[in-house]
Each structure stands twice: as structure tokens, then as C-alpha cells.
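Comments concern the structure below.
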Amino acid sequence: MNLDHLDAEKLSFESLAIHAGQEPDPLTGAVVTPIYQTSTYKQDGVGGTRGGYEYSRTANPTRTALETCMAALENGARAFAFASGMAAEDCLIRTLCRPGDRVLIPGDAYGGTFRLFDKVMRAWGVEHTPVRQTDLEAVARAAAEHRPRLIWAETPTNPLLAIVDIRALAALAHSHGALLVVDNTFASPYLQRPLDLGADVVVHSTTKYVGGHSDVVGGVIVLKDPAHADELAFNQNATGAVAGPFDAWLTLRGIKTLAVRMDRHCANAARVAAALAEHPAVTSVLYPGRPGHPGHEVAKSQMRDFGGMVSFRLAGGEEKAVDVCGRTALFTLGESLGGVESLIEHPARMTHASVAGSALEVPSDLVRLSVGIEDPDDLLADLTRALA
Ligand SMILES: Cc1ncc(COP(=O)(O)O)c(C=O)c1O
């Protein structure tokens with residue numbers, strides 16, 4: 001971490017978000033990390049690079065700032081920034097797995113992650129087995145049977161907001177010789193730090209809360225220890241799906257306000273979940289902050305707060321769910337999540353269409369909300385109107 005004059009070990013999350021990897025520019029003193037929009041670098045003689053920069057696929061100072069900051073926020077050894085969350089996942093799997101390996105994947109996960117395993121990795125000999133990870137005995141049985149290379153977890157899950165016990169899953173993975181990868185996209189490092197709970201690797205779609213403004217697509221991998229860092233750096237450069245300098249800069253800009261945004265996302269989501277629970281058209285609300293949620297106690301033990309995502313099911317089935325998604329005004333109908341503006345979507349027909357017919361299929365009466373940071377009264381009025 002580049003905090004020569006500060007004691008980085010003692011800085012809190014909020015301070016690290018603004019300062020880690022983001023020293024004022026040594027040349028001009030610019031307080032904000034510049035966008036180093038360059039593909040290549042002048043060398044002081046053959047092999048004489050300045051600070052190791054030779055070509056921007058291999059390394060770029062704006063991307064380095066983002067990677068340093070994310071490593072600090074997740075309390076990891078090294079971070080690597082990619083062009084998207086999927087590019088990060090692809091590079092990670094190809095670094096850690098070989099043909100013949102198997103990965104235990106969640107029984108409820110982002111549809112694109114399932115598609116990557118099901119449609120891409122399988123063709124290259126990396127197999128997968130879906131298991132509901134809230135059932136630790138089922139995970140233990142599957143691990144004993146398949147001896148997986150990786151256990152891949154998401155918590156809270158997308159879109160059912162199930163909570164997986166990261167400490168327990170890490171112990172289980174390690175006792176079977178597997179590594180635990182946690183997709184921390186829904187929580188963000190402000191709410192949950194999987195590496196501190198025993199996970200080996202964290203992946204993010206930084207497109208979501210980390211970027212936070214729905215204006216950039218990106219992904220990050222954070223490693224707990226440096227064991228696989230050289231291989232991952234090699235593959236990041238060799239395969240080349242890196243974050244560009246402007247994307248890295250936008251993501252860094254978003255990170256500076258992550259803590260305050262997440263506090264407001266959580267407060268708004270809690271109010272929305274409480275209001276939906278009282279609504280006669282709603283049969284169930286899936287939000288880990290509700291005391292009746294099956295993962296509430298585990299969530300309390302591993303998360304600072306419960307996040308900004310709320311899903312709910314409707315008495316009127318698929319037709320009603322699709323209808324509600326088309327009737328909100330402030331909640332914009334759209335895929336993605338984690339931006340300052342509220343979004344609504346129908347997972348079965350939108351983000352999770354790729355899991356139809358699989359073990360990960362989602363209920364058709366389900367609606368997913370990404371609760372933004374607008375005025376909560378305006379958000380509640382919008383939902384009440386749409387549900388009427
Ligand atoms: C939990 C989760 N992981 C990974 C991804 C993939 O990230 P990206 O869209 O940035 O490729 C998404 C995208 O929605 C996601 O929700």
C-alpha cells in the first residue's frame with residue numbers, strides 16, 4: 001500500500017477507501033489519481049522501465065491504484081482488476097483449475113456465473129456440481145464425493161438473498177483440500193470481508209456497489225495470500241481482459257463514497273422490506289435483515305448490515321410479478337444493481353433466464369429490487385402505487 005506517511009494498518013475502512021493506493025500524484029501533487037490514458041511507456045534504455053510500467057495490458061498506474069485500494073479494503077494480499085466481473089471469474093477459474101477438476105457451485109447464484117461453468121468451463125473439462133450451501137451437510141457430502149478443487153459461494157445470493165456461513169464453509173472447504181471463493185458483490189467489502197472469515201479468494205462485479213453509479217462495468221479478484229498471485233498476474237496479462245484506465249478511475253471514484261452509500265442503501269432497503277412484508281399482494285419478502293429470514297443470525301455474525309437488495313414473491317404469480325415490474329416509475333426496470341438509483345427486475349425472465357430448467361431455476365413470481373439511495377418515502381410511494 002502506497003501510504004508512506006500514514007500508518008495504513010491503523011486506518012479505518014472509510015479512510016482506506018479514500019486513500020489506499022491513491023497518494024497524491026508524485027509529479028504534480030494532483031490529489032485525485034490521474035487517468036493514465038496511455039498504452040505504453042518510455043523506457044530509460046532497453047529494459048529500463050520506470051516503476052515497472054512497460055505496456056498497459058500488463059500494468060497501468062490507474063489500474064494499480066484500484067488494485068491496491070481493493071486489496072486494502074478486502075484485507076487481501078493482492079488484487080487484480082478486469083474488464084468485467086465475468087472476465088475476473090473466467091481468469092480465476094482458468095488459473096486455479098485444470099481439466100478434470102470440479103467446482104461446487106451454489107444452488108442459487110448469479111445466472112451468468114452458472115452459465116460460465118455450464119456452457120464454457122465444462123467444454124474445457126472443468127466440471128461443476130450445484131449444492132444449496134445453506135445446507136452444510138449437503139456441501140460436506142458433495143465435497144467428500146467429488147473432492148472439488150474449489151467451493152464457489154455467493155452470500156447474500158442473487159436473487160434469493162440466502163445467507164451462507166462463510167466461516168463454516170471455509171473450514172469445510174479446507175478440510176477437503178479445496179479453496180473457498182466468495183463472490184462478495186452483493187455485500188461489498190464495507191458490509192462483509194470474506195477473507196477475514198476464512199475464505200481464500202474474493203471476486204467482485206465492481207459494476208455493482210463498488211462502482212456504485214451504474215456508469216462502469218468491471219471486476220476484481222482479491223487473494224488472501226500471495227500463493228497464486230504470480231500465476232494470476234501472468235494469466236491476467238496473457239489473456240488480457242483488463243480494466244482500462246478510465247474504467248479503473250471511475251471505479252476508484254465510486255469507492256470513495258462506498259461506506260456512506262452502503263449505509264443509506266441498507267437503511268432504505270430495511271424500510272422497503274418492512275413495508276412489503278405488510279402488503280397483502282406480497283406472499284414473502286426475502287431480506288436477510290428481517291428476523292424471520294433463515295439466514296438472519298448468520299448474516300448478523302458476518303455482515304455489518306444487511307445490504308440494499310430485497311426480493312419478494314407475489315400472490316398473483318408470474319403475471320402479477322411482470323406487471324409490477326412494468327408499473328414503477330422511480331424504480332427503473334433494468335438489469336444490474338448496486339447503483340445510487342433504484343432498479344426493479346423479474347429475475348426469471350431477465351438476469352436469471354440462463355438458469356431456466358437447471359437446479360438454479362428461480363421462482364417465476366419473484367421480483368428483485370436494488371434499493372437505491374433516493375428518499376425512502378418516495379420509494380415506498382412508488383412501490384405502493386405499482387402494487388395496487
Ligand atoms: C453476484 C454477481 N457476480 C458476478 C456478476 C458478473 O459481473 P459483470 O456483469 O460485471 O460481468 C454479476 C452481475 O450481475 C453478479 O450479480
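Both ligands and their constituent atoms are indexed starting at 1 by order of listing.
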So is Gly85 polar-close to ligand 1, meaning N/O to N/O under 3.5 Å? yes

Stepwise side-chain hydrogen bond (donor to acceptor under 3.5 Å, both in side chains) test for Thr40 and Glu54: CA-CA 6 Å; Thr40 191; Glu54 57 181 322; over 6 Å; no

Nearest neighbour of atom 7 (O) of ligand 1 from the list Gly211, Ala88, Ser205, on a heavy-atom basis: Ser205

Among Leu104, Val126, Leu96, Val103, exactly one meets side-chain contact (heavy atoms from CB on, under 4.5 Å) together with Arg149. Which residue is that? Leu96

Below a 4.0 angstrom heavy-atom separation, can you tell me which part of Glu335, side chain or backbone, both or neither, approaches ligand 1? neither

What's the shortest distance from atom 3 (N) of ligand 1 to any protein heavy atom, and which residue and atom give it? Asp183 OD2, 2.6 Å

For atom 15 (C) of ligand 1, the protein heavy atom that lies nearest, with its residue and separation: Tyr110 CG, 3.6 Å

Taking 4.0 angstrom as the limit and counting only heavy atoms of Glu89, give me the atoms of ligand 1 inside it, by number and element. 3 (N), 4 (C)

Does the ring centre of Trp152 sit less than 6.0 Å away from the ring centre of Phe117? yes

Regarding Arg50 and the six-membered ring of Tyr41, is the cationic atom NZ or CZ under 6.0 Å from the ring centre and inside 45° of its axis? no

Regarding Gln236 and Glu67, is there a side-chain donor-to-acceptor distance under 3.5 Å anywhere? yes

Atom 16 (O) of ligand 1: closest protein heavy atom, distance to 0.1 Å, is Asn158 ND2, 3.1 Å

Do Phe312 and His279 have their ring centres less than 6.0 Å from each other? no

Between His293 (side chain) and Gly295 (backbone), is there a donor-acceptor pair under 3.5 Å? yes

Backbone or side-chain N or O of Leu337 under 3.5 Å from ligand 1 N or O: no

May I ask you to identify the nearest protein heavy atom to atom 14 (O) of ligand 1, giving residue, atom name and distance to one decimal place in Å? Lys208 NZ, 2.7 Å

With a cut-off of 4.0 Å, which atoms of ligand 1 are near a heavy atom of Gly218? 10 (O)

